[in-house]
Amino acid sequence: MGTALIYDEEMTKYKLLWVDPACKIEVPERLSVSYEALVRTGLSDRCVSVPPREASDAEILLVHSEEYLEGVKKTPHMTLEDLKEFTLQYGDVYFHPNIYHCAKLAAGSALQLVDSVMTGKVRNGMALVRPPGHHSMRSAASGFCVFNNVAIAARYAKQKHGAERVLIVDWDIHHGQGVQYCFEDDPSVLYFSWHRYERQKFWPNLRESDYDSVGKGSGAGFNVNVPWNEVGMENSDYLSVFCHVLLPVAYEFCPDLVLVCAGFDSAIGDPEGEMCATPDIFAHLTHLLMNLAGGKLCAVLEGGYNLTSLAQSVCQTVQTLLGDPLPQLANLRSPCESALESLQCVRSVQRRYWSILKHAADSATTDVSNKRIKLAKAEEEKAETAEDERSQEEKVWPEPAERLRPPVCSASVLPDDAACPDGLKRLVSSKDLGPLLVSRIRNRSMEDAGDADGVATFSRLYTLIEKMRTNEIGNGVALVPDVAAAVECVVQDLGSDLVSRVLVVCVGKEELNYATADGKMLVVQISGEDKEEQKGKYYIPVCLKKGCGDTVGFIQAVFGLLLPLGYEYDPGLVLLVRMPGSGVGDCMWQQLIGLLKGFAKGHTLVLMQTNDGACMGPTASALLGHPAPPLQELLTPLPDDGGALERMRERLQADWKMLQTTVSSGN
Ligand SMILES: CC(O)(O)NCCCCNCCCN
Ligand SMILES: [Zn+2]
């Protein structure tokens, strides 16, 4: 299934008709440069073009009041003076004779997108619209927004398509207060927003934008605000919030549909956000949401005012929706102290509503946060005096790297008698191995039938890894007689010279004794076995007391440990090993493969034992990029095994900065 793209140049046909410094950044070119970039890169041709339509009155009234709609309806016939007069009653927004028409098209585009996704015409999609929507309220325009496009889409998805749970992820740098007000007492719509806040000093300066606004009544826990109290947030800050807050909660919520308030003013160069995250971060943010709701994801444009970073961010998002390999994120750092304080505060208030966060640490003790405020003020004074306030427009960042789709998406290495799943390319050619390697293999404890096919299998493995390195093949799966021996061969003989860093993810118990001290390999083993303490920084045994069939524990290990570690380690290859008898569920296994694609440009090699061939189907489906089915088990989580994972994370964070979720008690 494809990716929908909704755009119509009609939505560029309104603009600011008078002087208003607060509104001059919202220009028609925002839409045209975004669309032109998609055309220039060839991405628009790969999408399913879906036309917008005007939202009807009834659809607009799903969110807005009749008196508000009646008022907006009058604007097309207003004189310039009347338009100015009408605008004065609202904040940071402007009207134009054609904006009512465009606002109906913007809302209607979001509805077209929901129809296309919910009816299965496409898997996911993006609507390039203006005016944006997430600030507009029941009876008020605000922040360049007239109708709340995404809020209307959420209500529409429930009413027309029977969606029971809708997740709204708002990565725009402003707080979508309009969305929060609309759903704050509604447990069927989970609203997540991060936003520049600066302790209420940043627009819209609302007390209710802070982290302690968690929703009201039966909606308590279904509103998640992450305030950024400083500018300059980077990729690692954004990824930490996704791994340690949004994704665990989103998976426990188990939505039927994901709507994204896709504002790109959170990217570097934007005059509003003043953040430092690079456009390729949106490739990863999109990817991390794509295994929710069976892949049903609708991204609707909100803000974004630096035309260069906006266009790049839009392309990164659409390219991920199309299933292309992800870019490697360069040199992630540790989340900054301010981000950690926000992270700790959010997790501490949300832990009472989400069992998956139950063991999160308590909120930053008041003296720590007071100290931080003093520190922040001191830094602020210093900053203002010292550095020249370089404007955001002069910021420079590297052009996002090309993301080339390999000629072969997925390959397989199988015993001759095993059937090859549809879509996978069976590797038969076996690269001739040097005599040294062959002798090593023969010596290896490959006690399978006749080591001839052992050598053949191994040489095909070698070929597969080689072809992933050259990007001729995206990912692959190998069924081998003895998975432990095969892992040993691959990591000992191949990993080192073929790729610089190999992330080995082992699911299930098995003694894995590899020399991992040199950092060429990071081994994360998730099993039910209670291992002795981990051996050094690069071998991390994660013990799930109830075994790998414990989906809550497993998903906590994935988001709380595996993903942050993977982002920090930044491997060139991922080796996913399924030990026999691991007990991991098929859905969890597919989710894991889907999520691991975010690393190493999607170069994942799955190793499984021949007699484990039963899960070849789900494995192949995930490798080919089909969305993993939802993890229903998370809906009614059993009590988990206590804070073992949390304690392990705290212990490891000294070595691995991306595991941090609390301010360092040091300073
Ligand atoms: C969709 C959106 O979230 O990007 N709208 C942002 C509105 C910002 C209003 N304040 C402008 C002040 C100018 N310095
Ligand atoms: Zn914004």
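As the structure lists them, so they are numbered: ligands from 1, and atoms in each ligand from 1. Computed over heavy atoms, backbone and side chain alike; hydrogens, waters and symmetry mates excluded.
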Test salt bridge (charged side-chain N to carboxylate O under 4.0 Å, His left out) applied to D270 and R196, step by step: CA-CA 12 Å; D270 191 279; R196 183 177 171 180; over 6 Å; no
Show your reasoning for whether side chain to side chain contact (heavy atoms under 4.5 Å, CB included) applies to L16 and K24. CA-CA 7 Å; L16 183 56; K24 71 177 189 306; 4.3 Å; yes
Evaluate side chain to side chain contact (heavy atoms under 4.5 Å, CB included) for C336 paired with M233, printing each intermediate quantity in order. CA-CA 8 Å; C336 69; M233 293 299 165; 3.6 Å; yes
Report the C-alpha separation of C315 and L43 in whole Å, then their side-chain angles, then the decisive distance to 0.1 Å, and conclude whether the side chain to side chain contact (heavy atoms under 4.5 Å, CB included) test is met. CA-CA 8 Å; C315 290; L43 289 169; 3.9 Å; yes
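Proximity of S116 to V48: side-chain heavy atoms (C-beta onward) are nowhere separated by under 4.5 Å.
Residue contacts with ligand 1 do not include E26, since none of its heavy atoms lies under 4.0 Å from the ligand. Residue contact annotation: G263 has no non-hydrogen atom under 4.0 Å from ligand 1.
In this structure, the protein non-hydrogen atom closest to atom 11 (C) of ligand 1 is D92 OD2, 3.3 Å. For atom 13 (C) of ligand 1, the closest heavy atom belonging to the protein is E272 OE2, 3.1 Å. Scanning the protein for heavy atoms near atom 2 (C) of ligand 1, the closest one is Y305 OH, 3.2 Å.
Taking any N or O of G143, backbone or side chain, at least one lies under 3.5 Å from an N or O belonging to ligand 1. Backbone and side-chain nitrogen or oxygen atoms of W203 are examined, and none is located within less than 3.5 angstrom of a nitrogen or oxygen of ligand 1. The N/O atoms of E302, backbone and side chain alike, include none that comes under 3.5 Å of an N/O atom in ligand 1.
With a 6.0 Å radius and a threshold of 12 heavy atoms from other residues, nucleotides or ligands, K13 has its NZ atom above the threshold. At most 12 non-hydrogen atoms from other residues, nucleotides or ligands lie less than 6.0 angstrom from CD of E66.
Within ligand 1, the atoms closer than 4.0 Å to a non-hydrogen atom of P132 are 1 (C), numbered from 1 in the order shown. Close contacts between ligand 1 and H134 involve ligand atoms 1 (C), 2 (C), 3 (O) [criterion: under 4.0 Å to a heavy atom].
With sequence neighbours excluded, the residues forming a ring pair (Phe, Tyr, Trp, His ring centres under 6.0 Å) with F222 are F253, W354, listed by chain and number. Legend: residues meeting side-chain contact (heavy atoms from CB on, under 4.5 Å) with E402, ordered by chain and number and at least two apart, are L404.
Protein atoms of type N, O or S found under 2.8 Å from the Zn ion (ligand 2) total 4.
Comment: R333 does not engage D237 in a salt bridge, judged by the lack of any side-chain N to carboxylate O separation of less than 4.0 angstrom.
The ring pair (Phe, Tyr, Trp, His ring centres under 6.0 Å) contacts involving residues 19-43 comprise Y7-Y35, where partners must be two or more places apart or lie in separate chains.
Looking at D265 against ligand 1, only its side chain comes within 4.0 Å, counting heavy atoms.
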